Amino acid sequence: MEVHGATALVTGANRGIGHAFAVELRARGATVYATARRPELIDIPGVQTLRLDINDPSSVEAAARRASDVDLLINNAADTAGGPLVGGDLAAIRSTMESNYFGTLAMIRAFAPVLARNGGGAILNVLSAVAWSTVVGNTAYAAAKSAQWGLTNGVREELAGQGTLVTALVPGLVGTATLYDFARRHGIDLPDGRVTDPVDLVRLALDGVAAGEVEVLDPLAAEAKAALSGPPRAFAL
Ligand SMILES: NC(=O)c1ccc[n+]([C@@H]2O[C@H](COP(=O)([O-])OP(=O)(O)OC[C@H]3O[C@@H](n4cnc5c(N)ncnc54)[C@H](OP(=O)(O)O)[C@@H]3O)[C@@H](O)[C@H]2O)c1
């Protein structure tokens with residue numbers, strides 16, 4: 001779909017990859033609803049800010065009513081701190097599943113009729129290469145991303161009839177504060193030249209949407225997907 005002239009809604013636009021999406025969408029000539037749980041933190045000129053918690057059904061419904069002109073939905077927001085599956089805190093494990101899977105699903109269910117009324121449009125879900133492997137220290141998050149990948153494939157089939165493109169953005173390592181904090185806490189030296197800049201990632205993603213692609217992978221994600229034909233292995237950090 002054409003990004004110039006589109007009306008986009010971005011979840012989690014106050015920081016990280018979501019912030020980069022909102023900035024790049026504006027630069028490409030889209031109208032942008034930049035949403036966040038705390039919209040007062042959004043500092044991007046020229047966007048419409050909206051309070052939105054994807055885990056809160058009334059907040060999601062209100063956003064769908066307010067942003068009734070959306071034809072490009074960017075599901076970026078997620079709780080990325082699931083921790084370990086066996087010894088970890090069950091509330092954290094549920095929280096990462098709640099936002100990645102049920103929150104993304106709630107957004108799609110609320111906005112599918114909006115997109116249909118606006119000509120079909122597109123949905124882009126921000127997944128992760130860990131959906132195809134796992135990541136030591138954050139296995140619960142990886143499992144939630146696997147569920148979100150399955151969700152993405154399912155809704156793509158269900159929404160094809162109304163002309164909605166459903167694109168999976170699958171990054172490996174993206175240079176946001178959240179990634180650097182995780183690496184510092186776990187004593188991980190991130191490999192040189194393997195961390196994608198958020199700005200480069202969102203450009204790749206929007207080029208993919210413009211080209212009608214159903215999956216957009218950065219180089220690490222392409223490696224992770226190719227490795228699926230072999231035995232399971234953890235995502236190498
Ligand atoms: N960074 C990476 O290496 C990497 C790699 C692959 C995939 N990803 C994916 O990329 C996306 C963004 O990652 P990031 O690194 O930019 O993360 P981030 O900087 O931690 O940002 C996460 C965003 O999601 C928001 N959020 C969390 N739960 C929410 C909820 N219930 N409702 C609304 N907003 C909520 C956060 O809002 P608050 O500020 O209110 O907490 C924040 O804006 C995630 O889906 C992540 O899984 C990241």
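These numbers come from a predicted model, not from an experiment. These values consider heavy atoms only, across backbone and side chains, with no hydrogens, waters or symmetry-generated copies. Every number for a ligand or one of its atoms is a count from 1 in the order of the listing. Here, residue 1 is the first one in the sequence, and each next residue gets the next number.
- Using a 4.5 Å heavy-atom cutoff, the side chains of Thr35 and Val10 are not in contact.
- For atom 42 (C) of ligand 1, the closest non-hydrogen atom of the protein is Arg15 NE, 3.6 Å.
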Residue pair Arg28, Asp207: steps toward the salt bridge (Lys or Arg N to Asp or Glu O under 4.0 Å) verdict: CA-CA 11 Å; Arg28 292 189 183 208; Asp207 289 349; 2.8 Å; yes

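- Counting heavy atoms from C-beta on, the side chains of Tyr33 and Arg66 come closer than 4.5 Å.
- Geometrically, ligand 1 and Asn76 share a nitrogen or oxygen pair separated by less than 3.5 Å.
- When the shell of 6.0 Å around CZ of Arg94 is examined, it contains 12 or fewer heavy atoms from other residues, nucleotides or ligands.
- Two residues are said to be in side-chain contact when any heavy atoms from C-beta on lie closer than 4.5 Å; Leu25 and Leu206 meet this criterion.
- Not one N or O of Ser99 is nearer than 3.5 Å to an N or O of ligand 1, by distance alone.
- Considering only non-hydrogen atoms, atom 10 (O) of ligand 1 lies nearest to Val126 out of Leu41, Val135, Val126.
- Side chains of Thr11 and Asn76: no donor on one and acceptor on the other come within 3.5 Å.
- With contacts defined as side-chain heavy-atom distances shorter than 4.5 Å, the pair Val216/Val170 does not qualify.
- Looking only at atom types and distance, the side chain of Thr152 has a donor-acceptor partner in the side chain of Asn125 under 3.5 Å away.
- The shortest separation from a heavy atom of Gly172 to ligand 1 is under 4.0 Å, placing the residue in contact.
- Ligand 1 has an N or O atom lying under 3.5 Å from an N or O atom of Ile54, backbone or side chain.
- Here the protein heavy atom with the shortest distance to atom 17 (O) of ligand 1 is Thr178 OG1, 4.0 Å.
- Regarding atom 3 (O) of ligand 1, its nearest protein heavy-atom neighbour is Val174 N, 2.8 Å.
- Any N or O atom pair closer than 3.5 Å counts here, and Ile17 shares at least one such pair with ligand 1.
- The protein atom (non-hydrogen) at minimum distance from atom 29 (C) of ligand 1 is Arg37 CZ, 3.5 Å.
- The closest approach between Asp53 and ligand 1 falls below 4.0 Å for a heavy atom of the residue.
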Full working for side chain to side chain donor-acceptor pair (under 3.5 Å) between Thr7 and Asp71: CA-CA 6 Å; Thr7 301; Asp71 57 6; 4.7 Å; no

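- Residue Gln48 holds its CD atom at 9.0 Å from CG of Asp69, rounded to the nearest 0.5 Å.
- The distance criterion of under 3.5 Å between nitrogen or oxygen atoms is not met by Leu173 with respect to ligand 1.
- With ligand atoms numbered from 1 in the order given, ligand 1 contributes 16 (O), 19 (O) to contacts under 4.0 Å with heavy atoms of Gly16.
- When hydrogens are left out, the protein atom nearest atom 22 (C) of ligand 1 is Ala78 O, 3.8 Å; that is the closest non-hydrogen contact.
- Near Tyr141, meaning under 4.0 Å from one of its heavy atoms, ligand 1 places the atoms 7 (C), 8 (N), 9 (C), 46 (C), 47 (O).
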Intermediate values then yes/no, side chain to side chain contact (heavy atoms under 4.5 Å, CB included), Thr176 and Arg15: CA-CA 8 Å; Thr176 64; Arg15 59 190 170 106; over 6 Å; no

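- Under the 4.0 Å criterion applied to side-chain N and carboxylate O atoms, Arg194 and Glu223 are assigned as salt-bridge partners.
- Looking only at heavy atoms of the protein, atom 7 (C) of ligand 1 is closest to Leu127 O, 3.1 Å.
- The contact set between ligand 1 and Arg38, taken as ligand atoms under 4.0 Å from a residue heavy atom, comprises 39 (O), 40 (O).
- Residue Tyr141 holds its OH atom at 13.0 Å from OG of Ser95, rounded to the nearest 0.5 Å.
- Contact annotation: Lys145 has at least one heavy atom less than 4.0 Å from an atom of ligand 1.
- Within the 4.0 Å heavy-atom cutoff, Pro171 counts among the residues contacting ligand 1.
- Side chains of Asp43 and His19: a donor on one and an acceptor on the other come within 3.5 Å.
- Residue-ligand proximity: Val195 is placed with every non-hydrogen atom at 4.0 Å or more from ligand 1.
- When hydrogens are left out, the protein atom nearest atom 14 (P) of ligand 1 is Thr176 OG1, 3.9 Å; that is the closest non-hydrogen contact.
- Ligand 1 places these atoms under 4.0 Å from at least one heavy atom of Leu52: 32 (N), 33 (C).
- In the vicinity of Asn14, heavy-atom distances shorter than 4.0 Å reach the ligand 1 atoms 37 (O), 38 (P), 39 (O), 42 (C), 43 (O).
- Shown in contact with Asn55 at under 4.0 Å from a heavy atom are these atoms of ligand 1, numbered in order with element: 31 (N).
- The distance criterion of under 3.5 Å between nitrogen or oxygen atoms is not met by Thr80 with respect to ligand 1.
- Test Asp218, Leu179, Val202, Leu220 against Thr196 for side chain to side chain contact (heavy atoms under 4.5 Å, CB included) and you get one pass: Asp218.
- Less than 4.0 angstrom separates some heavy atom of Ala77 from each of these atoms of ligand 1: 24 (O), 25 (C), 26 (N), 33 (C), 34 (N), 35 (C).
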